[in-house]
Amino acid sequence: MTMTEEQKLRKTEEAGDIRGDVLESILCLVPLIHLLPATQVSKSWNHAVFSSLHHFNKPKPWLLVHAQSSRPPYATTALAYDPRSNLWLRINQNPPIEYVSALRSSNSTLLYMLSLSKFSFSFDPLHLSWHHVDPPLVWRTDPIVVVVGGHVVVAGGACDFEDDPLSVEIYNLDTRSWTTCESMPAILKDSAASTWLSVAANAKKLYAMDQVTGVTYSFDPSSRIWSEPFHLRHDQNIYFSAIGYYGDSLIMVGLLGNSENVKDVKIWELKGESFEFCKEMGVMPKELVVKLKGEQTNLFSIRVSLMGEFLYIYNPGEPEELVVCEIDGEGLCRWRSLKNAAVSDGSRVAKRMVLTCADVGLGDLGKAVGSGKGSFSIVDSGNLQRF
Amino acid sequence: MSSSNNSGKVLKLKSKDNQIFEVEESVAIQSELIKNVVEAGCDIGVIPLLTVHSKTLRNVIEWCQKHVDYVEENDSGSNEEEIKNWESEICEEGNNNGSDDEETKNWESEENNNGSDEEEAKNWESEGNNDGSNKEEVENWEWEENNDGSDEEELENWESKFVDVDKDSLYALLLAADYLSIDSLLERVIKQVADVIKQCRSVEEVRQTFGIKSDFTPEEEEEIREEISWID
């Protein structure tokens, strides 16, 4: 037999012969973004991709970091971290999004920009779809903006000269119209802005917690009623706390001690009608608290982006190191640190960082790439690979 | 070359293209398949490996040999004993200086009047105190001998070079590792194949790389593209 005939013999008998199990093990190691082409290779590959994702290495919530220059034209870099493959990607929007003002977020899933003429917001997983609507009646700088069901609730953050700092307006996504409703509880008058409030929302209600006092109110956009206050802190040593949704429960992340001397960072799960049942889930390892503090000795505040079983915690004053907490099947916390790829050592240009979190699946990536709205490049020191 | 294994038994493996390979049992049983054959007592004569070509089998045997060698070279038991003996020798030497220190002190107290004598005492003391460097030596030696870290690295580099082959050969290795059930090889090849997929930039490239023919009709392909778009 000649060499080429031998090769052919090997090829024809072996091509496409990878056992399903083996193929699935291989696909476990392939990042989500690379699995897209794999689904279209053949029927067995298509099946193996979905089976592998379902059984062996499920997609995990991504962290999205938007780093925006503080000066016009507000150049913005959008990066995403995929914890399933420990990979950072750059998201390129097509056409590029016009950032006309400061990008903000008051909870884990929504990004917004507010200017005199426009209110823009996005809550799709990769922030490739933006809604542009008329701004609310009350002029605001940093309100809390949350999607609850089919409503976008905009509360507080009013400019100084406005009469009511506690004003609440709701934008109905179906009717595309604004309504003003009951203002926020008076006790929040000095903290009614996204700087001071931490917000959690599900399909029916939003919860707003004053990060310093811990006092929490809920709001139902259908009934447009603000609730009586909840007192969610069961530990008197908490000086700062933030909340988020975890299934049907609330998760609270708290800083204990005081800002000059933070003793601990802890996570609690709160359950029950008024969240009266409190269970400590985990304590951040000391070496990670040190990383969170960065070059400062103080820890004044933290921001938490949370989705599914993942919490991304960062210190707005020192955004270089993030702390990631993954809650495993048994409810145990697994901690690690993550270098923020949006912070590069070279550039000392003032940047604002806005972090959100999303469940990104193969479908979302497919939609983005297929529609041409988004393309991705892997952030890597060497190869820049585009999709 | 490694020392031969105790039983010294040699197995005969036959490749798909009828080539016979003589392999030490300790090396061959890295394959679960062959191990089972041996344990079932069926290893009389020749073991036929119906799907593995001689070229691939040769490489697989090389892998198995390397891994058997690695385990033998890194048998830490004997190394630890040697270190202990060496350490106790050093300590003995070190203890001799103890008596010298005593002498120094005696000398100092005797000659306290003379400034120049005191200076001399100090110089003498500092000479005696050079045990410090002996201790350092012990530490360095330990680090070198116990540093499986660098051996592991060396194996990793060897493995990476081993799987850095053309696509056809890699594919053949994958199938052989699976058929023969060699965990270490399968794991490493799986990683390599995943890396190969990561390098592909399109569906066609994946197909070409792995020699796969699409079994979708054009309509089905369109459907998939759409299905992916709408799956949550």
Side-chain angles (χ1 to χ4, degrees), chain A residues 1 3 6-31 33-46 49-50 52-53 57 59 85 87 125 359-371 378 380 383 385-387, chain B residues 16-17 50-56 166-179 181 183 186-217 220-232:
Chain A
M1 265 195 233
M3 268 310 278
E6 257 190 45
Q7 281 174 338
K8 267 195 216 157
L9 174 69
R10 269 173 35 222
K11 224 174 169 171
T12 49
E13 284 180 76
E14 289 165 14
D17 269 351
I18 308 180
R19 258 189 334 110
D21 274 4
V22 174
L23 184 55
E24 287 182 32
S25 304
I26 295 170
L27 295 171
C28 272
L29 300 178
V30 178
I33 189 67
H34 292 98
L35 288 178
L36 269 185
T39 56
Q40 292 175 28
V41 167
S42 73
K43 287 185 182 167
S44 57
W45 274 61
N46 184 286
V49 168
F50 289 108
S52 169
L53 281 176
N57 196 1
S85 311
L87 189 71
D359 263 327
V360 176
L362 212 49
D364 302 301
L365 291 179
K367 238 202 275 202
V369 173
S371 65
I378 298 193
D380 189 42
N383 275 322
Q385 216 186 353
R386 287 187 195 282
F387 295 88
Chain B
K16 166 159 92 175
D17 48 331
L50 299 172
T51 60
V52 188
H53 193 274
S54 59
K55 181 170 181 249
T56 309
D166 64 275
K167 309 288 167 33
D168 285 343
S169 305
L170 188 64
Y171 207 92
L173 272 178
L174 179 69
L175 296 176
D178 182 36
Y179 171 71
S181 210
D183 284 345
L186 190 59
E187 203 182 301
R188 187 61 188 89
V189 175
I190 278 177
K191 222 163 127 191
Q192 189 71 7
V193 175
D195 285 343
V196 167
I197 295 178
K198 286 194 255 187
Q199 299 296 324
C200 294
R201 293 167 189 222
S202 67
V203 181
E204 254 323 296
E205 207 177 324
V206 178
R207 287 188 187 140
Q208 269 175 26
T209 304
F210 295 95
I212 299 174
K213 276 190 131 170
S214 164
D215 48 355
F216 291 122
T217 64
E220 280 174 325
E221 278 206 45
E222 229 354 87
E223 239 187 77
I224 299 172
R225 223 163 274 146
E226 289 205 12
E227 229 179 65
I228 291 183
S229 301
W230 297 104
I231 289 176
D232 259 323

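Keep in mind it's a predicted model, so treat the numbers as computed, not measured.
Rounding to the nearest 0.5 Å places OG of A:S42 at 8.0 Å from CZ of B:R207. For the atom pair CZ (A:R19) and CG (B:L174), the distance works out to 9.5 Å, reported to the nearest 0.5 Å. Interatomic distance, CD of B:E220 versus CG of A:N46, reported as 10.0 Å (0.5 Å rounding). Atom CZ of B:F210 is separated from atom CD1 of A:I18 by 6.0 Å, given to the nearest 0.5 angstrom. Separation of atoms CD (B:Q192) and CG (A:L29) is listed at 11.5 Å; rounding is to 0.5 Å.
Using a 4.5 Å cut-off between heavy atoms, B:S214 touches chain A through backbone and side chain atoms alike. Both the backbone and the side chain of B:D215 come within contact range of chain A, with heavy atoms under 4.5 Å apart. Contacts of A:L23 with chain B are absent, with no heavy-atom separation under 4.5 Å from either backbone or side chain. Both the backbone and the side chain of B:K191 come within contact range of chain A, judged by heavy atoms closer than 4.5 Å.
In B:E205, the CD atom is crowded: over 12 heavy atoms of neighbouring residues, nucleotides or ligands sit closer than 6.0 Å.
When all heavy atoms of A:Q40 and B:F216 are compared, the closest pair comes out as O-CE1, 3.6 Å. Heavy atoms only, all atoms of each residue included: A:P37 and B:S202 are closest at CB-C, 4.1 Å.
With chain B as partner, the option from A:P125, A:S371, A:P31 having the largest number of non-hydrogen pairs under 4.5 angstrom is A:P31.
Of the candidates B:I190, B:V196, B:D195, A:I26 forms a side-chain contact (heavy atoms from CB on, under 4.5 Å) with just one, namely B:I190.
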